[in-house]
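Down below is the structure, laid out as structure tokens.
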Amino acid sequence: MQYVFIFIGGMVGALLRYLISTLNYTSSLPIGTLIANVIGAFLMGYLSTVAIQLFQKYPLIKKGMTTGLMGALTTFSTFQFELVKMFHHESFSSLLIYGLTSYIAGIIMCWFGVKLGGRR
């Protein structure tokens, strides 16, 4: 049964990911991937913390939200591929800005999500 919840969460996360990725067309940086990963980092921190209390009675919903939704919304492989494309195009300043922004913002937002979730 957990696979059904993960599937549904993944379906929603993949759709959101696709919609957010359409923002990539307005910038030289892959803004859509950055936004999806930073939002996903925040939500993973928040939901993982809140899930301990909120979803204790409903572990399948937790699996659907974290493994399914967050797993499909965020994408490390796309992030890495975009960095490699920037390297091949010798866009080293964009590579550095995008890479550092993604990592630092992701860590900060995940930490903020954990802190916010812990206050509940």
Q | Connected hydrophobic set around Leu15, excluding itself, where side chains approach under 4.5 Å | A | Tyr18, Leu19
Q. Nearest heavy-atom pair of Ala41 and Gly106: which atoms, and what distance?
A. CB-O, 3.3 Å
Q: Run the numbers on Leu16 and Leu69 for side chain to side chain contact (heavy atoms under 4.5 Å, CB included), then give the verdict.
A: CA-CA 9 Å; Leu16 288 172; Leu69 180 69; 4.2 Å; yes
Q | Side chain proximity check, Lys62 to Leu47, heavy atoms < 4.5 angstrom | A | no
Q: Find out whether Ile20 and Leu73 are in side-chain contact, i.e. whether some heavy atom of one side chain is under 4.5 Å from a heavy atom of the other.
A: yes
Q | Worked check of side chain to side chain contact (heavy atoms under 4.5 Å, CB included) between Thr67 and Gln2 | A | CA-CA 10 Å; Thr67 304; Gln2 73 178 351; over 6 Å; no
Q. Would Ile97 end up clustered with Phe87 when hydrophobic side chains under 4.5 Å apart are linked, directly or stepwise?
A. yes
Q. If you look at every heavy atom in Arg17 and Ala36, which pair is closest and at what distance?
A. CD-CB, 4.2 Å
Q) Looking at Pro30 and Tyr98, what are the two nearest heavy atoms and their distance? A) CG-CZ, 3.5 Å
Q) Are side-chain heavy atoms of Leu60 and Met1 found at a separation under 4.5 Å? A) yes
Q) Rest of the hydrophobic cluster containing Val84 (Ile/Leu/Val/Met/Phe/Trp/Tyr, side-chain heavy atoms under 4.5 Å)? A) none
Q) Which is it for Met86 and Leu29 under the side chain to side chain contact (heavy atoms under 4.5 Å, CB included) test, yes or no, and what are the steps along the way? A) CA-CA 9 Å; Met86 288 176 196; Leu29 292 176; 4.1 Å; yes
Q: Determine, stepwise, if the pair Phe81 / Lys85 fulfils side chain to side chain contact (heavy atoms under 4.5 Å, CB included).
A: CA-CA 6 Å; Phe81 182 70; Lys85 282 190 343 186; 3.3 Å; yes
Q. What distance do Gln80 atom CD and Ser102 atom OG have between them, rounded to the nearest 0.5 Å?
A. 9.5 Å
Q) For the residue pair Thr66 and Met44, what are the closest heavy atoms and their distance? A) O-CE, 3.7 Å
Q) Does Met109 have any side chain to side chain contact (heavy atoms under 4.5 Å, CB included) partners at least two apart in sequence or in another chain, and if so, which? A) Val38, Phe42
